[in-house]
Student: 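The structure that follows is given in the form of C-alpha cells.
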Protein chains: 2
Amino acid sequence: MHSTIKDVAAHSGVSIATVSRALNAPQLLNAETLAKVRESIEALDFMPSARGRQLRGVRTRLVGVVVPTLANPVFAESLQGIDEAACASDYRLMLMTTAYDSARERRAIETLREQRVDGLIATVADAESNPLLDELDRIGLPYVLAHNDTAYRAAVSVDNRRAARDGVCALLQRGHRRILMLAGSFAESDRARLRYRGYEDAMLGAGLTPHPPIELDFNADDLPPSLLAHLSDPARRPTALFCSNDRLAIIVMRGLRHAGLSVPGDISVLGFDGIPLGEWLSTALSSVATPNREIGRYAWLHLAARLGLPGDTANGPVPFKLPHSVRTGATIAPLIDPAARTASLVSENPA
Amino acid sequence: MHSTIKDVAAHSGVSIATVSRALNAPQLLNAETLAKVRESIEALDFMPSARGRQLRGVRTRLVGVVVPTLANPVFAESLQGIDEAACASDYRLMLMTTAYDSARERRAIETLREQRVDGLIATVADAESNPLLDELDRIGLPYVLAHNDTAYRAAVSVDNRRAARDGVCALLQRGHRRILMLAGSFAESDRARLRYRGYEDAMLGAGLTPHPPIELDFNADDLPPSLLAHLSDPARRPTALFCSNDRLAIIVMRGLRHAGLSVPGDISVLGFDGIPLGEWLSTALSSVATPNREIGRYAWLHLAARLGLPGDTANGPVPFKLPHSVRTGATIAPLIDPAARTASLVSENPA
DNA sequence: ATGAAAGCGCTAACAC
DNA sequence: GTGTTAGCGCTTTCAT
C-alpha cells in the first residue's frame, strides 16, 4: 500500500541509507543524487513512516491527552490550548475521553502507554488518591494534570477554593447576605468540592453561616423542588445564587425567569468557568472566569520541561496556579432593599 | 526506559515468542508458563509497544481527525461522536486542528500520513476543489468528510441548502416577509454559502426578492453600521433575521437589545447549528439544528466500512445526508402587524 | 559522498 | 507447548 524507503531506493538506484540521508541530512548528499532521490519520492508519493522512525528513536513526539468530555467547553478550550502549544513544539496529540469514568481512565492511560507517548496531560476524576497516576510516577512516564487542583502532583489550575471565595466576596461586597450555592454532581468533581469550600470561607469570613450546597442533576425543564422551596418566600429567599459552573448558571437563570423571578432584579446569579458564550448573553453572565486555554498551554509547558524540551526560559519559572478573575456582568446587582439585609435565610454567625 | 518483550522473556526464562503468545494467544500456552510470564509482565511493568506491532501488521488502528477548531461547539460535538464510535471499534484518534488554514490542513494530513493512520475524518475549508483530498484519493488512503456538504466526495452532513430553506420557510409561514440573512465570513466556509442559497430558495419560492447577505466579522460589542442601517426605520426594517450560525445569533440578539429592540417582539431571530446552550437561554434560541454528534458517528461508520471493519449492517446502508430539524424556540414570533406585511424592504418579486 | 549491515519491539512462519 | 528466526521501515555506525 504505502511505498517504503526501499521502493524509493530501488526507483532512484541508490541505497536506503542515501534515501534516509535525503530525508534527514540532505546537506551530506551530492546535489544530483539528492535531486534524483527527491524525484523518486515525488513519483512514489513516499512519506516516511513515523512507525519505523519511532521504533529506532528515543522519542515519539506524541503527547497523550485525557479529558472527561468535549461537551464541556472548558475542556474543549484547554484542549485547544494544549494543541496550539504542543504543535508549536512539533508534537502531536493522541486524544482519549473518559466521561469521568475511572475504568475508561485506566484504559485511556494503558492505550497511551502502548502508543509510547512521550508524556501525557490529563484531567482526572480524583487527582489525589489515584493508583493510575501513582503507577505513572513509578514507571517514570511524565505527566501533568490540567484543571485538577491538588498540591500532591504536577497540576495546572486556578486555585478553585480562593476563586470561589473571591466570587462570593464580590456578592458580599454588593450587600448580599443570603447566598446559596448550587452545584452539579459533587461526586464527579473534586473541583466542585473545593469551590464549596471557597463559598464557606467567604461566608464565614463575613460572619455568616454557609448553607449546605444544593445539588442539582439537571435535565429537567424546570427548577427542582429542592431549590424552589428556597424561593417561595420573598422575605426569606436568597438574594444571590452561586453556581458551581456556567452551564448550571444559565439553566438556573432560565428556571428563575420561568418562576417569575427576574435576574438580577429579584435575584443575582454568579457562575463559574467564564465560558465565552456567557459574555454574549443579553444579560451577560457574571462568572468566576478561569483561563482555560492558558491552563492547557501551561500544562504543555510543564510537560515540555519534564521532557527536556528547549523551553522559553525568558519569563522565569512556569506557574502551576493561574490567576482567576471575577467577571461581573449584568446578572449581579447590588442589594438595595435594606430589609433584605437584616432578614435572614442563613442565620447570622455570632462569631 | 520501557521494558521490552525481551526483558520479559529473560525475566521469566522463556523465549520472546512465548511472551508474544501470552499476549496474543494465551490459550496456546501451558497454564504454568502463562502464569510465570504474566508475573514477569507485572513485575517489569511491561506494556507492549504499539510501534513494534504496527510495524509488522497491516493496520495501526489509528484514525486521523482534522477539524478547524474546537472553540466551535459544533466541532467539539462531532469530535465527541467520532470518539465514541471509533473507541467502540477499538480505534484511537489522532487530532489535528487547522483554524480553517489550508497550509495547516496540508501539514495535518502529512503528519497523519506519516503516522500511518488507517484512514481519516476531516472537515476542510474547501471540499470540492481540494488537491490534498485528490492526493488522498490517488494514494488510496480512505477518508470521510464531516460537515462538508458536497456530492463529489464521501461527506457526512446535513443538506445545508435545504436546511436553511426550511428554516426560512418557518419564518415565512409565520408571516415574515422582510427577512435578512447575516453570515460570518463567507470565505471560510462553503457551508455558509450553501445556507445563503437556501435562504434564496425560500425567498424566491415565496415570490420575494432575497436581500444580499450581510457579512459580520464580529468582535465588537455593538452591531456594525452595516446592520444598524437596516434597523433604523421601524416601518421598513426586517421583521426577522436569519443568522448563519448560533454564535452569531446570540451576539446579534444582544446587539438588538442594546439597540432597544426586543426579541421576538420587534424582531425575530433564527440561528443555525442547534448548539445545546441555545435551548437553555431564557429566551430559547430558535435554530436550524444539525445532529453534530451523529455527523461524527456516521462519518466514522462510513470510514469503518471503507476500512473493511465488521459493520453494523442490521440497519441497512449508512446515509450521508442526515436530517436537520427546525427548532422553534422563543426567539421567533408570528408577525401580527398587517402593515408590516405590505411594506417592503425587499421588493416584491413580480414572478 | 555513498553503501552495507545491525538493530529498534514485535509477530508469524516454521521447526522441534 | 515452546524455541528459532526472518522481517516490518527506518536510522545509524562503520566501511569504503
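As the structure is a computational prediction, the values presented were derived from the model and not from experiment. Protein chains get the first letters and strands the later ones, always in sequence-line order, with residue 1 at the start of each.
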Student: Using a strict threshold of under 4.0 Å (side-chain N to carboxylate O), is an ion pair present between E110(A) and R113(A)?
Tutor: no
Student: Run the salt-bridge test on R38(B) and E42(B) with the 4.0 Å N-O cut-off and return the result as yes or no.
Tutor: no
Student: Taking side chain as C-beta onward, heavy atoms only, is L79(A) less than 4.5 Å from L93(A)?
Tutor: yes
Student: Can a side chain N or O of K6(A) be found less than 4.0 Å away from OP1 or OP2 on dC10(D)?
Tutor: no
Student: Give R53(A) one of three labels, base, sugar-phosphate or nothing, depending on what nucleic acid heavy atoms sit under 4.0 Å from its own.
Tutor: sugar-phosphate
Student: Does this structure show an ion pair linking D134(B) with R153(B), if we count only N-O contacts that are shorter than 4.0 Å?
Tutor: yes
Student: Please determine if E39(B) and K36(B) form a salt bridge, counting it only when a charged side-chain N lies under 4.0 Å from a carboxylate O.
Tutor: no
Student: To the nearest angstrom, how far is H2(B) atom NE2 from dG9(C) atom C1'?
Tutor: 12 Å
Student: With a 4.0 Å heavy-atom cut-off, tell me which residues in residues 15-37 of chain A come close to DNA chain C, sorted by residue number.
Tutor: S15(A), A17(A), T18(A), R21(A), L28(A), L29(A), N30(A), T33(A)
Student: Could you go through the side chain to side chain donor-acceptor pair (under 3.5 Å) check for E128(B) and T150(B) one step at a time?
Tutor: CA-CA 7 Å; E128(B) 312 221 321; T150(B) 172; 2.8 Å; yes
Student: Q115(B) has an atom CD; how far is it from atom C1' of dG9(D), in whole Å?
Tutor: 14 Å
Student: Between dA12(C) atom P and Q54(B) atom CD, what is the distance in whole Å?
Tutor: 13 Å
Student: Is D90(B) paired with R61(B) through a side-chain N to carboxylate O contact shorter than 4.0 Å?
Tutor: yes
Student: For G13(B) and A50(A), take the nucleotide of DNA chain D holding the closest heavy atom to each; which residue's nucleotide lies nearer the 5' end?
Tutor: G13(B)
Student: Would you kindly give the CG-to-P distance between L55(A) and dG7(D), to the nearest whole Å?
Tutor: 17 Å
Student: Taking only the side-chain heavy atoms of V14(A) (C-beta and beyond), determine which of dT11(D), dG7(D), dG3(C) contains the nearest atom.
Tutor: dG3(C)
Student: When the distance from CD1 of I5(B) to P of dG7(C) is rounded to whole Å, what number comes out?
Tutor: 18 Å
Student: Give the rounded distance in Å between these two atoms: CZ of R51(A) and P of dG9(D).
Tutor: 13 Å
Student: In whole Å, what is the span from the CZ atom of R56(B) to the P atom of dC8(C)?
Tutor: 17 Å
